[in-house]
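A short write-up of the structure that comes next.
All of these numbers come straight from a predicted model, not from anything done at the bench.
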Amino acid sequence: GAALFLDPLTTNLTFGSVSSTNSTTNGATVDTVTGVLNINQFTVSGAAGSGLLIQNSSGLTSTIQNLAITTVGTTGADNGVTLSNAGNVSLLVGSIQGTTGDGIHSTDTNLTINGLGITGGSIAGDALQVVNTSGSHTVNVSNSALYGGTSALTTSDSGASAGLVL
């Protein structure tokens, strides 16, 4: 089932590990959360929705490490990681394999990716899709391999500005 469902909450949480197998929804959902969230080991397999969904949480700073997200989604909107107005997110080390959507779909979120492998043939959409609809947001990608079924990277910017560093 789902490993985590935080909604709404002000937090300063650190988890040693979070694991979900065969969830009928998302592997983990964070909705309308502020504060700090750290996960040192994040494993999701077989979720019907996204592996990780963080939304409506612009006041959140989260660090997710040692990701292992495999075989998630039933529709094109189900991504390995879905971020929508998710504040400041760091995804550090690990892999995303097997999605019906994008590896990572990030909207209006400051995102840092380091040491992450998103593998191609098993990602139906883009490895990384970045959408900026309002304000200024920065995306930094380093030491990572991005291979999507559609493309490695797509961007759309209708906000004030978006910065992308590869």
Side-chain angles (χ1 to χ4, degrees), residues 1-7 13-33 37-57 60 62-131 139-156 164 166:
L4 187 68
F5 190 92
L6 303 176
D7 175 27
L13 291 171
T14 298
F15 294 97
S17 66
V18 171
S19 180
S20 169
T21 303
N22 297 327
S23 172
T24 57
T25 60
N26 300 308
T29 299
V30 176
D31 188 2
T32 317
V33 175
L37 173 65
N38 296 305
I39 301 174
N40 294 322
Q41 179 76 42
F42 184 77
T43 305
V44 174
S45 177
S50 292
L52 172 63
L53 170 64
I54 303 176
Q55 64 185 3
N56 306 316
S57 300
L60 180 67
S62 55
T63 302
I64 316 297
Q65 299 182 75
N66 302 304
L67 291 90
I69 299 174
T70 57
T71 317
V72 297
T74 55
T75 73
D78 299 324
N79 308 298
V81 176
T82 302
L83 307 170
S84 179
N85 195 22
N88 298 295
V89 177
S90 296
L91 303 174
L92 309 175
V93 183
S95 66
I96 299 173
Q97 302 174 5
T99 68
T100 56
D102 298 327
I104 299 170
H105 187 99
S106 177
T107 302
D108 295 334
T109 299
N110 294 311
L111 177 62
T112 299
I113 299 169
N114 188 354
L116 195 61
I118 302 174
T119 56
S122 62
I123 303 293
D126 301 320
L128 173 60
Q129 185 171 96
V130 177
V131 179
V139 175
N140 292 294
V141 179
S142 60
N143 303 315
S144 298
L146 306 178
Y147 300 99
T150 304
S151 67
L153 171 67
T154 60
T155 62
S156 172
L164 181 63
L166 298 175

Point to revise | Which residues share a side-chain contact (heavy atoms from CB on, under 4.5 Å) with S19, sequence neighbours left out | key: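 With sequence neighbours excluded, S19 shows a side-chain contact (heavy atoms from CB on, under 4.5 Å) to T43, given in chain and number order.
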Nearest 0.5 Å please: distance from the [atom1] atom of [X] over to the [atom2] atom of [Y].
{"X": "Q65", "Y": "N40", "atom1": "CD", "atom2": "CG", "value": "5.0 Å"}
{"X": "D102", "Y": "I118", "atom1": "CG", "atom2": "CD1", "value": "9.5 Å"}
{"X": "L91", "Y": "L128", "atom1": "CG", "atom2": "CG", "value": "9.5 Å"}
{"X": "S151", "Y": "L146", "atom1": "OG", "atom2": "CG", "value": "10.0 Å"}
{"X": "N79", "Y": "T99", "atom1": "CG", "atom2": "OG1", "value": "6.5 Å"}
{"X": "N114", "Y": "N143", "atom1": "CG", "atom2": "CG", "value": "4.5 Å"}

Practice item. Search all heavy atoms of T25 against all heavy atoms of A47 and return the closest pair with its distance. Key: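 Nearest pair, atom of T25 first, then A47: O-CB, 3.7 Å.
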Review point. Any idea which heavy atoms bring A48 and T24 closest together, and the distance?
Key: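 Of all heavy-atom pairs spanning A48 and T24, the closest is CB-O, 3.4 Å.
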Under 3.5 Å donor-acceptor, [X] side chain and [Y] backbone:
{"X": "S144", "Y": "G115", "result": "yes"}
{"X": "S57", "Y": "T32", "result": "yes"}
{"X": "T100", "Y": "T75", "result": "yes"}
{"X": "S122", "Y": "G98", "result": "yes"}
{"X": "S84", "Y": "N56", "result": "no"}
{"X": "S20", "Y": "G1", "result": "yes"}
{"X": "Q129", "Y": "T154", "result": "no"}
{"X": "S90", "Y": "T63", "result": "no"}

Point to revise | Passing option when I54 is tested against L6, T109, L83, N85 for side-chain contact (heavy atoms from CB on, under 4.5 Å) | key: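 The passing option is L83.
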Point to revise | Working for side-chain contact (heavy atoms from CB on, under 4.5 Å), residues V89 and V81 | key: CA-CA 11 Å; V89 177; V81 176; 5.9 Å; no
Exercise for review: Please step through side-chain contact (heavy atoms from CB on, under 4.5 Å) for the pair L37 and F15, ending with a clear verdict.
Suggested key: CA-CA 8 Å; L37 173 65; F15 294 97; 3.8 Å; yes
Exercise for review: Could you go through the side-chain contact (heavy atoms from CB on, under 4.5 Å) check for V44 and L52 one step at a time?
Suggested key: CA-CA 8 Å; V44 174; L52 172 63; over 6 Å; no
Side chains of [X] and [Y] in contact at under 4.5 Å (non-hydrogen atoms):
{"X": "F5", "Y": "N26", "answer": "no"}
{"X": "T29", "Y": "D7", "answer": "no"}
{"X": "D126", "Y": "H105", "answer": "no"}

